[in-house]
Colleague: 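This is the structure I have questions about; it appears just below.
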Amino acid sequence: MTTITVAVAGASGYAGGEVLRLLLSHPDVEIGALTAASSAGTPLGDHHPHLVPLADRILQPTTAETLSGHDVVFLGLPHGQSGAVAAELGEDVLVIDCGADFRLQSADEWAEFYGGEHAGTWPYGLPELIVGQGRQRDALKGVNRVAVPGCNVTAITLGLQPAVAARLVEATDIVAVLANGYSGAGKAPKQHLLAAEGLGAASPYGVGGVHRHVPEIMQNLRQAGADDVTISFTPTLVPMARGILATTTARLADGVELPAIRAAYEAAYDAEPFIHLLPEGRWPTTAATLGANTAQLQIAVDQRARRLVVVSAIDNLVKGTAGGAIQSMNLALGLPETTGLSTIGLAP
C-alpha cells in the first residue's frame with residue numbers, strides 16, 4: 001500500500017500527542033499537518049518534548065485548508081468542536097474523532113449529557129464490541145468516518161460485554177467504580193488537577209449518574225445484547241498519570257456459576273489480539289498496560305452477594321483513545337488491524 005498521509009488536529013493535547021507517539025511507529029504512515037487552537041504558532045516540542053522526531057514542527061491553526069489534502073485526519077478537539085471541522089472535510093478523507101461528538105446514537109441523550117445540538121452518529125470505533133453474532137470491526141471496514149469511544153466506556157464495555165451477551169448477568173443491576181489517571185481529565189489548568197491537590201489523594205467526580213460516559217456505556221451493552229441497562233458508574237481520580245482500573249459488578253442470572261462465565265469470556269476473547277483474560281489467580285494492573293494497546297481482564301464470583309466481579313485495566317490514552325483510534329484506522333483502510341500497535345507495557 002502507498003504511504004498514508006495523516007494530519008492531527010489538537011496535536012498539543014494529551015490525545016493528539018498520544019496519537020502522534022503511536023503513529024511514529026506505524027510503518028505505513030507519513031505525518032503531515034499538526035494543528036492547535038491557542039497553541040498555534042508554537043513548536044510541538046513545547047507541549048510534547050518526548051516526541052523528539054516532531055519536536056521542531058510548528059503547530060498551525062486548525063482550519064479545513066490546513067487539514068485538507070491528507071488521507072486521514074485525527075481530531076483531538078474539545079467536545080462540541082469536531083462537528084464543524086469535520087463538515088468542511090470531504091468524503092474522500094478518513095476522519096477519526098477522538099472526542100465525543102459522534103459517539104451517541106440518541107440526540108436526546110446527547111442533549112441531556114452534553115448539551116447543544118447533536119452533530120450526528122458515526123461508525124463506532126471499538127472493533128471488539130459484540131454486535132449480534134459479530135463484532136463492530138466488520139462495520140469499520142472501508143468507512144470514512146469513525147467515532148472513538150470514551151476511555152471509561154472502553155474499560156467497562158470490554159470488561160462486562162461477554163457476560164451480557166451470554167445473558168449470564170442481569171444488565172439492569174450493574175455497578176462500576178473506576179480508578180482513573182489524571183491525563184483523562186485533559187490539559188486544561190484547573191485547581192483540582194494541580195499536583196498539590198492530587199498527590200496523595202483520591203477524589204470522585206461525575207457522581208450520581210451524571211458522567212457523560214453513562215449513556216455510551218448503556219448504548220454498548222444494549223448492542224451486546226442487553227434488553228435494558230441500568231448502571232451506577234463512579235470514576236475516581238487517583239495519583240497516577242495514566243491508566244484506568246475498572247471494577248464492575250453485576251447480579252448473576254439464576255444458576256450461573258464461575259466455570260460457565262469463564263468459558264464465555266474465553267470464547268469471546270481468545271482470538272482478540274489486544275484483550276487478555278488473565279490466568280486464574282492473577283489480577284490486572286494498570287502498570288502492565290501503560291503504553292500498550294491492551295486490556296487486561298480477570299473475573300470472580302462473589303457467592304454471598306451472587307454477583308459477577310470483573311476487573312479490567314487499560315491505558316486510557318492508548319487502548320482508551322489513541323490506540324483504539326489507530327486500530328480503527330487500520331480496519332477502515334484495509335490494513336492488518338494490529339499494525340503499529342504494541343501489546344508490550346512499560347511496567348514497572
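These numbers come from the heavy atoms of this one structure, side chains and all, not from hydrogens, waters or symmetry mates.
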Colleague: Please determine whether residues L94 and V29 belong to a single hydrophobic cluster, defined as Ile, Leu, Val, Met, Phe, Trp and Tyr linked transitively by side-chain heavy-atom distances below 4.5 Å.
Modeller: yes
Colleague: Set out, in order, the CA-CA distance, both residues' side-chain angles and the distance that settles side chain to side chain contact (heavy atoms under 4.5 Å, CB included) for H118 and E109, then state yes or no.
Modeller: CA-CA 9 Å; H118 185 221; E109 288 182 339; over 6 Å; no
Colleague: Between L331 and V146, is there a side-chain heavy-atom distance shorter than 4.5 Å?
Modeller: no
Colleague: Is the backbone N or O of A176 less than 3.5 Å from a side-chain atom of T248, with the two atoms forming a donor-acceptor pair by type?
Modeller: no
Colleague: Report yes or no: does Y269 contribute a side-chain atom to a donor-acceptor pair with the main-chain N or O of L158 at less than 3.5 Å?
Modeller: yes
Colleague: Using residues 270-281 as the side-chain source, report each donor-acceptor pair under 3.5 Å to any protein atom, sequence neighbours left out, with the distance given to one decimal.
Modeller:
residue	atom	partner	partner atom	Å
E272	OE1	R137	NH2	2.8
E272	OE2	R135	NH1	3.0
E272	OE2	R137	NH1	2.9

Colleague: Indicate yes or no: at least one non-hydrogen side-chain atom of I174 is less than 4.5 angstrom from one of F233.
Modeller: no
Colleague: Does the D28 side chain pair with the main chain of I4, one donor and one acceptor, at a distance under 3.5 Å?
Modeller: no
Colleague: Could you walk me through whether R212 and E112 satisfy the salt bridge (Lys or Arg N to Asp or Glu O under 4.0 Å) test, starting with their C-alpha distance in whole Å, then the side-chain angles of each, then the deciding distance to 0.1 Å, before giving a yes or no?
Modeller: CA-CA 9 Å; R212 290 171 169 177; E112 178 182 354; over 6 Å; no
Colleague: Within the distance-only criterion (no hydrogens, no angle test), does the side chain of R242 pair as donor or acceptor with the backbone N or O of A287 below 3.5 angstrom?
Modeller: no
Colleague: Can you check whether T339's main-chain N or O pairs, donor with acceptor, with N330's side chain at less than 3.5 Å?
Modeller: yes
Colleague: Identify whether V169 and V301 are in the same connected component of the hydrophobic contact network (ILVMFWY, side-chain heavy atoms under 4.5 Å).
Modeller: yes
Colleague: Listed by chain and number, what are the side-chain hydrogen bond (donor to acceptor under 3.5 Å, both in side chains) partners of R103, not counting sequence neighbours?
Modeller: none
Colleague: Do R167 and D227 sit within salt-bridge range, that is, some charged N less than 4.0 Å from a carboxylate O?
Modeller: yes
Colleague: Show me the side-chain donor-acceptor pairs of residues 64-72 shorter than 3.5 Å, one per line, residues at least two apart or across chains.
Modeller:
residue	atom	partner	partner atom	Å
T66	OG1	T63	OG1	2.9
S68	OG	A64	O	3.4
S68	OG	E65	O	2.9
H70	ND1	L67	O	2.8
H70	ND1	S68	O	3.3
H70	NE2	A33	N	3.1
D71	OD2	T5	N	2.9
D71	OD2	T5	OG1	3.2

Colleague: So does Y124 get a backbone contact from the side chain of Q136, meaning a donor-acceptor N/O pair under 3.5 Å?
Modeller: yes
Colleague: A side-chain contact here means heavy atoms from C-beta on lying under 4.5 Å apart; do L252 and I261 qualify?
Modeller: yes
Colleague: Checking E18 side chain against A322 main chain: does a donor-acceptor pair fall under 3.5 Å?
Modeller: no
Colleague: Can you name the nearest heavy-atom pair linking A295 to I314, along with the distance?
Modeller: CB-CG2, 3.6 Å
Colleague: Under 4.5 Å between any side-chain heavy atoms of V148 and F74, yes or no?
Modeller: no
Colleague: With a 4.5 Å cut-off on side-chain heavy atoms, are L104 and E216 touching?
Modeller: yes
Colleague: Dump the intermediate steps for side chain to side chain contact (heavy atoms under 4.5 Å, CB included) on T286 and I244, then the final yes or no.
Modeller: CA-CA 6 Å; T286 56; I244 295 174; 5.8 Å; no
Colleague: Check V214 against F113 and note the closest heavy-atom contact, atom names and distance.
Modeller: CB-CE2, 4.2 Å
Colleague: Below 30° counts as parallel, above 60° as perpendicular, anything between as tilted: where do the rings of H48 and H50 land?
Modeller: perpendicular
Colleague: A quick test of your reading: do over 12 heavy atoms of other residues, nucleotides or ligands sit less than 6.0 Å from CD of E117?
Modeller: no
Colleague: Looking at D138, I want to see if its CG is surrounded by more than 12 non-hydrogen atoms of other residues, nucleotides or ligands under 6.0 Å.
Modeller: yes
Colleague: Could you give me the CA-CA distance, side-chain angles and deciding distance for L59 and L44, then say whether side chain to side chain contact (heavy atoms under 4.5 Å, CB included) is met?
Modeller: CA-CA 6 Å; L59 296 171; L44 183 70; 3.9 Å; yes
Colleague: Check whether any side-chain heavy atom of Y265 lies under 4.5 Å from a side-chain heavy atom of V310, and answer yes or no.
Modeller: yes
Colleague: Could you give the distance from OG1 (T285) to CD (Q298), rounded to the nearest 0.5 Å?
Modeller: 13.5 Å
Colleague: What donor-acceptor contacts under 3.5 angstrom involve side-chain atoms of residues 181-195, with partners at least two apart or in another chain?
Modeller:
residue	atom	partner	partner atom	Å
S183	OG	A241	O	2.7
S183	OG	N316	ND2	3.0
K187	NZ	S12	O	3.0
K187	NZ	H47	O	3.3

Colleague: So does L129 get a backbone contact from the side chain of Q223, meaning a donor-acceptor N/O pair under 3.5 Å?
Modeller: no
Colleague: Can you find a heavy atom in the side chain of N293 that is under 4.5 Å from one in the side chain of I326?
Modeller: no
Colleague: To the nearest 0.5 Å, tell me how far L221 CG sits from T172 OG1.
Modeller: 11.5 Å
Colleague: Do H79 and D101 have side-chain heavy atoms sitting under 4.5 Å apart?
Modeller: yes
Colleague: L178 and side-chain contact (heavy atoms from CB on, under 4.5 Å): which single residue from L237, I156, V238 fits?
Modeller: I156
Colleague: Looking at residues at least two apart in the chain, or sitting in another chain, which of them share a side-chain hydrogen bond (donor to acceptor under 3.5 Å, both in side chains) with T249?
Modeller: R307
Colleague: L245 and P284: which non-hydrogen atoms are nearest, and at how many Å?
Modeller: CD1-O, 3.9 Å
Colleague: Could you list all the salt bridge (Lys or Arg N to Asp or Glu O under 4.0 Å) pairs where at least one residue sits in residues 123-134, not counting sequence neighbours?
Modeller: E128-K319
